[in-house]
There are 2 protein chains.
Amino acid sequence: MTYRKLTIEDIAHQAGVSRATASRVLNKAPGVSAELRTRVDRVVADLGYRPNAAARALASGRRDALDLVVIACHGDISLFGAQPYYSRVIAGVLSALAGTDTQLRVNVAGAEDATELIDRVASSVTAGAVLVNVSPALAARFHARCRKAVSLGATAPHVPAVEPENSRAAYDAISFLHRIGCRRIAAIHGPDCNTCAAGRRAGHLEAVRELGLADIAVDGGFRREGGYAAATRLLAEHPDLDGIFAACDMMAAGAVQALTDAGRRVPDDIAVVGFDDSAVAACVSPPLTTMRLPVEQMAATATRALLEGAAAPHWRRFFPVDMVVRSSTGPDAALLLSPAPPVSALAGRR
Amino acid sequence: MTYRKLTIEDIAHQAGVSRATASRVLNKAPGVSAELRTRVDRVVADLGYRPNAAARALASGRRDALDLVVIACHGDISLFGAQPYYSRVIAGVLSALAGTDTQLRVNVAGAEDATELIDRVASSVTAGAVLVNVSPALAARFHARCRKAVSLGATAPHVPAVEPENSRAAYDAISFLHRIGCRRIAAIHGPDCNTCAAGRRAGHLEAVRELGLADIAVDGGFRREGGYAAATRLLAEHPDLDGIFAACDMMAAGAVQALTDAGRRVPDDIAVVGFDDSAVAACVSPPLTTMRLPVEQMAATATRALLEGAAAPHWRRFFPVDMVVRSSTGPDAALLLSPAPPVSALAGRR
DNA sequence: TTGAAAGCGCTACCAG
DNA sequence: CTGGTAGCGCTTTCAA
């Protein structure tokens, strides 16, 4: 097999047409007779010709790749491998890209290189960029340089975004715990630099205030170990704890282990609610009651908005975060959901 | 802010030099006086100029992107989101790419579109491609079209690859279970289409034969639900089971749940060993004894080989898969490891 | 409906 | 060391 570099010129020549016609056929553009079309198509198939993406991009200025931009919290790229969240994002983007000839580029940087990455991607964007865990300031910077961006999660007001209802979900989680009888509820939050974590923080705060509970909260860094350490500390400082809300499942898993290791029973002594409904939620024992984040749908929606050019400034799509009740909140906690009034009604805000 | 499209021409003009010189400065090429260099650099910084990637790629022929090619088993892209494995691969690739200006492109296809994807990527490869879960036949096809490929896991002999010692690891896992007293050991395997699953299958078979055990094995499809179903079936068909080897942690997690739900205690009644040491392994209760797959290192090694052009035909790097002992094989199973003779010596093959 | 030709923005070669 | 310039492979007017 000889694999000389094939160009559109070769195709045109072989098919006995001009480069322009060959190009039209390749792009399924109108204005070509059926005969020439089939002739060119045949040659393309026979020779196994593939257009050069760079040349095509240069000449047309058109889309070619969609960029995923992820800023790792403390320059800690390993979180990318440890958190199931990111692969769900990728799965979602890919599902929206399926059928398109758009490719996915993944860009990750720590906080130090964040600005550089943002600028670099902004200047080379084609189809657009999905921003994950990019601070509002940096997202705004990106948006100033390039409009084709959608943030996954809350961000600067004018930057397009798909947003899970984090605050409300956290509120719902806390009020659910309250409803099943918990009165000393603690929260294990995610890192400050994360807007999703901030939203959940806000929801928790609002709930405890409204319910007249103490505001007990620690940081768990979105990691299992952090959740374990946090729960251990909470137990030491508040021995009468009877409920824990963790801002992600990995931390919830760590918390459950810490509680178990300390001789507390979940859910009998302490009920636990996680967040994400990631792959680990169902693996924990007892399986975690958690807030289901529709990551794949959000990522797919963001991608589609970019592809269709629908993401104008201030564009927003909100995603409800529903509770998935498993055993970490008690054997019959699920029963509390269906009989009226539903939790969301109880939560009764807005 | 006006963001007119800046070209190298503008830079050259502003700096009072030729396009060629501006280009040299931008590419840090030698042969430019320090004075002009700083002058151009200043203009670039002032104007915030970013070279056009497409034009650069077209003109130079090189294009700095590394392709990750993933074939999803049964066209099931969702597995990508459900298996922590893939994000570990990405994390590994990214760590090797850090500092380089090489970007990562992620390509995923189901079995139906696999050939097309392979051909497409092969014809547009620049830095190279890391092949994940690509069948030996397709990997060979890719390699015939483009040499810059490394397979993650066993593949056709001449295709470069980084390989975990799957067979040996499975062998070690089984003999470990045997060593701690298990005599009715079952395996829950991964899908046929996966070479890693095949290696583990082979190791299991070799071990049970050598140890004179029955060959009890079912398929769990690398998913938690599959592991649950498999364990349930195994329990029904072999009530006297006392050990389970699962070819991935997700399946092991499912198995543990099935066993627990069936009233069996882990590890007291039945010991369980997983595979991967993924994020879930530590979350399961009891935490899983598992075979640690150095995914990140393998992916990084493959990437580096591509970047350095070291991946000649038949190039191979093998990675040991060590056992991580946690509680799913008994409270003091760890003790069995350190006192002589070590498990690997006991396994005594090769 | 078709073809000729002018670039897209940049690199790299060659001459000075 | 510097500048001129011929392409890289493709798209897209503009005429025919």
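Values below: all heavy atoms of this structure, side chains included; hydrogens, waters and symmetry mates excluded. Letters A, B, ... mirror the listed sequences (proteins, then strands); counts begin at 1.
Across D:dT2, C:dC8, C:dT1, the shortest atom-to-atom separation from the side chain of A:L58 is found for C:dC8. When distances are taken from the side chain of B:V17 to each of C:dC10, D:dG3, D:dG9, the shortest belongs to D:dG3. If you check D:dG9, D:dT13, C:dT11 against the side chain of B:R19, the one that comes closest is C:dT11. Taking only side-chain atoms of A:T7, from C-beta outward, the nucleotide of D:dT12, C:dG9, D:dC10 with the closest atom is D:dC10. Closest to the side chain of B:N27, out of D:dC8, C:dT11, D:dC10, is C:dT11. Among D:dC8, D:dT12, D:dC10, the nucleotide with an atom closest to any side-chain atom of B:A59 is D:dC8. Listed candidates were C:dC10, C:dT2, D:dT11. Nearest to the side chain of B:I8 is C:dC10.
Other residues, nucleotides and ligands contribute at most 12 non-hydrogen atoms within 6.0 Å of the NE2 atom of B:H13.
The shortest distance between the side-chain N/O atoms of A:T21 and the OP1/OP2 oxygens of C:dG3 is below 4.0 Å. OP1 or OP2 of D:dG3 lies within a sub-4.0 Å distance of a side-chain N or O belonging to B:S18. Between D:dT2 and B:S33, a contact under 4.0 Å exists linking OP1 or OP2 to a side-chain N or O. Side-chain nitrogen and oxygen atoms of A:R56 include at least one within less than 4.0 Å of the OP1 or OP2 phosphate oxygen of D:dT11.
Counting non-hydrogen atoms under 4.0 angstrom, A:S23 reaches a base of the nucleic acid. Among the protein residues, A:L26 comes within range of no part of the nucleic acid, since none of its heavy atoms lies under 4.0 Å from any strand.
When each of B:A55 and B:R24 is assigned the nucleotide of DNA chain D with its nearest heavy atom, B:R24 is the one assigned upstream, toward the 5' end.
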Should A:V69 and A:V130 be marked as a side chain to side chain contact (heavy atoms under 4.5 Å, CB included) after you check the CA-CA gap, both sets of side-chain angles, and the distance that decides it?
-> CA-CA 6 Å; A:V69 179; A:V130 174; over 6 Å; no
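Checked for salt-bridge contact, A:D46 and A:R42 meet the test: a charged N lies under 4.0 Å from a carboxylate O. By the 4.0 Å N-to-carboxylate-O rule, B:R316 lies close enough to B:E163 to be salt-bridged with it.
Remark: P of D:dG3 and CG of B:L36 are 6 Å apart, rounded to the nearest angstrom. One can place CZ of B:R37 at 13 Å from P of D:dG3, the figure rounded to the nearest angstrom. At whole-Å resolution of the value, CG in A:L6 and P in D:dC8 are 15 Å apart. One can place CZ of A:R39 at 13 Å from C1' of C:dT1, the figure rounded to the nearest angstrom. When rounded to the nearest whole Å, the span between CD of A:E9 and P of C:dA4 equals 10 Å.
Across B:V17 and B:A22, no two heavy atoms sit closer than the pair CG2-N, 4.2 Å.
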